[in-house]
Amino acid sequence: ATVGALLTAPSALEALLANLFSWSPAAIRPVSRLVFAVSPLTRLLREAVLEQLEIESQPGVPDYRKPFSGLADDWRHLLFPEATDEIFADGYAQTVTFALLLARTEGIEMVGQDLHAVGGLLDDRHSLMGRALQLLTDQIAGEFKVTLDLMVRVVGAVEWDGIQAGSRDAYLHLYEKFLHVYDPDLQRQSGSYYTPVEVVDEMVRLTDEVLRTRLQSDGFRDAGVTTVDPAMGTGTYLQSIIERAAAEAESESGPGSVPEELTSLAERLIGFELQTGPFVVAELRLSELMRTHEADLPDGGMRLYV
């Protein structure tokens, strides 16, 4: 018999199911592979949010069954008053994706751990993204368990040491490449094209020269100078300032002076960014740069805002 209670499975079925449910992706090292791995999943998550919002808008759905509608209303009230459902869904998907990537850079083990716990582990150094991950997934992870679990598995395979591979601008175009694959139209609308690092370095040098020769200060390192980048993107200008300050401090007073110098400088660096993706890239690359120089972050982390 081949139907009903007498139906038997071939011997290979158990191996097939075991392989399916225990699958883990291969290590992800190049930036290009990272982009092509997470972009489709972010797009899938965005579409799932839009579909859920459509379901929640149907007549007769009680308020307690409308978690995404409540989040979308909060999003509009707190951040973007004119945000459509499409804009909210995009912001939601990108925030979750890049919060998980940020957790991975901190060496947080995510596979088999609930996302609230992951957000809690982020909270000390990256409080904004830690809380965002918790708020966006606490009550609604059930609806997207398959998508979120797949995202966690893929991000868990990212090896940041291999991605950076000693290159100071490894993160420079990470978000630009991500957006090109994820949504090219959004890239054009948001103007997400970033200044080459060589141009940034020269602009920083010229600004430092003006601070010294025209404003009689000690440049970016002067305790009376606060630097604000109102559209920081992925943080390339702030990175260049930190690197310049580190090189100057080492040249003047030796390598032992660098950590204290950078900790002081970081308290006077401020960055603003409208989009969650580049904000997270800026936060991870600047935090990593400070760690490289053994410099402590200011209390509460870098002064970066989204």
Under 3.5 Å, is there a donor on one side chain and an acceptor on the other for Gln94 and Asp90? yes
If we only count heavy atoms from C-beta on, is the Gln58 to Val61 side-chain gap below 4.5 Å? yes
Looking at side-chain heavy atoms only, is the closest gap between Ile241 and Leu265 below 4.5 Å? yes
Count the heavy atoms of every other residue, nucleotide or ligand shown that sit under 6.0 Å from CD of Glu260, and state whether that count exceeds 12. no
Sidechain-backbone polar pair: Ser257 side chain, Ala249 backbone, donor-acceptor under 3.5 Å: yes
Under 4.0 Å between a Lys/Arg side-chain N and an Asp/Glu carboxylate O for Arg291 and Glu106? yes
Checking the side chain of Ser251 only, and the main-chain atoms of Ala247 only, is there a donor and an acceptor separated by less than 3.5 Å? no
At their closest point, which heavy atom of Leu262 faces which heavy atom of Ala295, and how far apart are they? CB-CB, 3.8 Å
Non-hydrogen side-chain atoms of Glu82 and Ile87 separated by less than 4.5 Å: no
Between Asp183 and Arg43, does any side-chain N to carboxylate O distance fall below 4.0 Å? no
For Phe98, the option from Phe279, Tyr175, Tyr92 that meets ring pair (Phe, Tyr, Trp, His ring centres under 6.0 Å): Tyr175
Is there a donor-acceptor contact under 3.5 Å from the side chain of Thr263 to the main chain of Asp296? yes
Working note: Leu274 + Val306, criterion side chain to side chain contact (heavy atoms under 4.5 Å, CB included); need CA distance, chi angles, decisive distance, verdict. CA-CA 5 Å; Leu274 278 174; Val306 64; over 6 Å; no
Any donor and acceptor pair, going by atom type alone, linking the side chain of Glu56 with main-chain N or O of Phe68 inside 3.5 Å? yes
Do Arg46's NZ or CZ and the ring of Tyr182 fall within the cation-pi criteria of under 6.0 Å and 45°? yes
Would you say the side-chain atoms of Ser217 pair up with the backbone N or O of Leu211, donor to acceptor, closer than 3.5 Å? yes
Plane angle bin for Phe80 and Trp75 - parallel if under 30°, tilted between 30 and 60°, otherwise perpendicular: tilted
Audit row: Leu41, Leu150, side chain to side chain contact (heavy atoms under 4.5 Å, CB included) steps and yes/no: CA-CA 8 Å; Leu41 293 176; Leu150 185 56; 3.4 Å; yes
Find the distance between NZ (Lys177) and OG (Ser39) and round it off to the nearest 0.5 Å. 12.0 Å
Looking at every heavy atom in both Ala157 and Ala26, which two are closest together, and how far apart are they? CB-O, 3.5 Å
Rounding to 0.5 Å, atoms CG (Asp201) and CZ (Arg244) come to a distance of 9.0 Å
Side-chain contact test, heavy atoms from C-beta onward, threshold under 4.5 Å: evaluate it for Thr97 versus Met151 and give yes or no. yes
Share the residues that join Ile270 in a hydrophobic cluster, the rule being Ile, Leu, Val, Met, Phe, Trp or Tyr side chains under 4.5 Å apart at the heavy-atom level. Val228, Phe272, Tyr305
Under 4.5 Å between side-chain heavy atoms, hopping through other hydrophobics if needed: is there a path connecting Leu133 to Leu78? yes
Donor-acceptor pair, Ser240 side chain versus Tyr237 backbone, under 3.5 Å? no
Counting only N and O atoms by type, is there a donor-acceptor contact under 3.5 Å from the side chain of Asp229 to the main-chain atoms of Leu238? no
Crowded around His293 NE2? As in, over 12 foreign heavy atoms under 6.0 Å? yes
Decide yes or no on side chain to side chain contact (heavy atoms under 4.5 Å, CB included) for Arg285 and Gln239, but give the supporting numbers first. CA-CA 8 Å; Arg285 74 192 296 202; Gln239 173 177 304; 3.0 Å; yes
State, with a plain yes or no, whether a side-chain heavy atom of Ile242 is found less than 4.5 Å away from one of Leu286. yes
Start with the C-alpha gap between Ser287 and Met290, add the side-chain angles, then the distance that decides, and say whether side chain to side chain contact (heavy atoms under 4.5 Å, CB included) holds. CA-CA 5 Å; Ser287 297; Met290 294 287 285; 5.8 Å; no
Hey, what do you get for CZ (Arg153) to CG (Leu100), rounding to the nearest 0.5 Å? 14.5 Å
Hey, quick one: are Leu50 and Leu148 part of the same hydrophobic cluster, counting side-chain heavy atoms closer than 4.5 Å, chains of contacts allowed? no
What are the two closest non-hydrogen atoms of Val155 and Met110, and how far apart are they? CG1-CE, 3.5 Å
Counting neighbours of CD on Glu294 that are heavy atoms of other residues, nucleotides or ligands and sit closer than 6.0 Å, is the number greater than 12? no
Between Arg212 and Glu209, is there a salt bridge with N-O shorter than 4.0 Å? no
Whether Ser253 side chain and Glu250 backbone form a donor-acceptor pair below 3.5 Å: no
Report yes or no: does Arg303 contribute a side-chain atom to a donor-acceptor pair with the main-chain N or O of Leu269 at less than 3.5 Å? no
Closest heavy-atom pair and its distance - Ala282, Gly235: CB-N, 3.6 Å
Give the minimum heavy-atom separation between Ala93 and Leu45, together with the two atoms involved. CA-CD2, 3.9 Å
Within-4.5 Å side-chain heavy-atom neighbours: Pro81 and Arg76: no
So how far is it from Glu288 CD to Thr292 OG1, rounded to the nearest 0.5 Å? 5.5 Å
Output for pair (Lys66 NZ, Ile55 CD1), nearest 0.5 Å, gives 12.5 Å
Does any non-hydrogen side-chain atom of Arg268 lie less than 4.5 Å from one of Thr227? no
N/O donor-acceptor pair under 3.5 Å between Gln275 side chain and Gly277 backbone: no
Fellow cluster residues of Leu44, listed by chain then number, with links counted only when side-chain atoms sit under 4.5 Å apart: none
Compare every heavy atom of Leu53 with every heavy atom of Ala72, then report the nearest pair and how far apart it is. CB-CD2, 4.4 Å
Return all side-chain donor-acceptor pairs below 3.5 angstrom for residues 111-122, not counting sequence neighbours, or 'none' if the list is empty.
residue, atom, partner, partner atom, Å
Gln113, NE2, Glu109, O, 2.5
Asp114, OD1, His116, N, 3.0
Asp114, OD1, Ala117, N, 2.9
His116, ND1, Asp138, OD1, 2.8
His116, ND1, Asp138, OD2, 3.0
His116, NE2, Gln134, NE2, 3.4

Should Arg221 and Glu248 count as an ion pair when the cut-off is N to O under 4.0 Å? yes
Mind checking whether Val281 and Leu101 have side chains closer than 4.5 Å, heavy atoms only? no
Might you work through the salt bridge (charged side-chain N to carboxylate O under 4.0 Å, His left out) test for Arg205 and Asp208, ending with a clear yes or no? CA-CA 5 Å; Arg205 184 193 67 78; Asp208 188 71; over 6 Å; no
Would you give the length of the straight line joining atom CG of Asp85 to atom CD of Glu54, rounded to the nearest 0.5 angstrom? 9.0 Å
